[in-house]
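Here's the structure, in structure tokens; my notes come after.
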Amino acid sequence: MRESVAAVVREAGTTFTVERVRIDDELRPDEVLVRVHAAGICHTDLTTAATAADEQLPSVLGHEGAGVVEAVGADVRRVRVGDRVALSFASCGRCRYCDAGEPSYCVQLAPLNLSGGRPDRSTSVADADGTPVQSFFFGQSSFSEYTVTYERNCVPIGDSVAFATAAAMGCGFQTGAGTVLRALRVRSASTVAVFGVGTVGASALLAARIAQARTIIAIDPLPGRRELALELGATHTLDSGPGVAAAIREIVADGVDYAVDCVGHQAVLTSALESLAVRGACATIGMSQGWGPNPVEIDLTDVLLRGITLQGVLEGDSLPQEFIPELISYVADGRFPVDRLVTEFPINRIGDAVAAMRAGDVIKPVLTFG
Ligand SMILES: [Zn+2]
Ligand SMILES: [Zn+2]
């Protein structure tokens with residue numbers, strides 16, 4: 001048993017209480033105990049907290065952890081005690097999608113990532129009174145100084161990158177960059193529009209630069225975000241709104257080859273599809289309705305006549321064990337300066353971090369421990 005500081009969700013909403021909890025560190029064969037140094041806050045944490053049902057509480061969220069391996073289970077081979085690691089999502093490693101290198105579509109995704117515990121419903125966290133607290137959120141529940149995760153969540157990151165920079169590799173950064181480099185496979189000299197310049201959109205436009213896209217148009221309602229997009233390498237920026245598809249065609253007359261929808265609601269998706277060139281492809285990433293249904297209208301005649309593609313993308317179609325080291329190499333050579341997106345908050349200021357994120361004042365708040 002190990003004492004740890006953790007941010008606990010006790011009721012549905014966006015309030016986290018910082019508490020001392022107990023971590024059961026008797027590891028199963030495929031588990032790893034990590035001392036978390038940094039953990040990013042993702043919109044999915046806030047959506048999950050806001051919509052939590054009573055039977056999902058109390059819980060520890062967090063799915064963008066980075067830290068040091070403290071102990072490993074008997075069968076763990078990929079990481080050793082003392083390794084610096086980023087934590088990504090959990091996957092089974094045995095299904096057809098895991099076999100194909102597409103673990104974000106693992107058939108066990110829900111029980112491993114969203115069930116509030118191990119697939120057998122056990123948890124590794126208890127509060128000060130000994131009451132069980134749900135854990136293993138995305139297999140990691142990293143809003144905790146110590147956490148038990150699975151071997152497959154752990155990606156060694158070497159010594160070159162700071163924990164606060166590495167934290168969001170496990171979700172936000174790989175989602176944006178992977179959508180461009182893995183899912184859409186953006187070609188050099190192509191044209192790209194990115195709708196929404198948050199963590200995912202900013203990562204997507206940095207990746208579009210890495211892919212040597214010729215024209216990169218960033219669309220966001222906030223002037224500060226548009227300014228940042230230009231600094232990160234967008235060639236053009238536009239305010240969002242109903243005229244945006246026409247404005248994109250003033251820049252690229254035939255429309256863009258690729259659109260990345262980081263928002264996920266009707267107006268943005270309509271603009272994204274309208275902005276596409278013939279045979280263009282749009283990736284949609286945003287979970288504007290959280291885990292609930294998100295029905296939208298699409299003009300199928302238009303989809304068919306122009307031969308366009310709409311593609312859903314989870315976690316950037318990344319194989320984290322390969323893609324995160326690749327992204328870290330881009331950090332090292334200056335092409336993926338995601339440290340510019342990060343604002344650090346000590347864990348006991350998680351309330352301020354959430355407020356700043358919701359106000360749009362920060363892009364990627366990262367909690368730090370100790
Ligand atoms: Zn996330
Ligand atoms: Zn699987």
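Just so you know, ligand 1 is whichever comes first in the structure, and atom 1 is the first atom listed for that ligand.
- Every residue was checked against the salt bridge (charged side-chain N to carboxylate O under 4.0 Å, His left out) condition with Asp254, not counting sequence neighbours, and none meets it.
- A salt bridge between Asp339 and Lys364 is absent, with no side-chain N of the basic residue lying under 4.0 Å from a carboxylate O of the acidic one.
- With sequence neighbours left out, the side chain to side chain donor-acceptor pair (under 3.5 Å) criterion links Asn113 to no other residue.
- Under a 4.0 Å N-O distance rule, the pair Arg35/Glu70 does not qualify as a salt bridge.
- A donor atom on one side chain and an acceptor atom on the other are found under 3.5 Å apart for Ser144 and Ser4.
- The count of protein N, O or S atoms under 2.8 Å from the Zn ion (ligand 1) stands at 3, with waters excluded from the count.
- No side-chain donor from either of Gln311 and Thr309 sits under 3.5 Å from a side-chain acceptor of the other.
- Here the Zn ion (ligand 2) has protein N, O or S atoms under 2.8 Å from it, and they come to 4.
- Ring centroid separation for the pair Phe136 and Tyr150 comes in under the 6.0 Å cut-off.
- Trp291 and Thr51 form no side-chain donor-acceptor contact under 3.5 Å, judged by distance and modelled atom types alone.
- Using modelled atom types and a 3.5 Å distance limit, the side chains of Gln266 and Thr270 yield a donor-acceptor pair.
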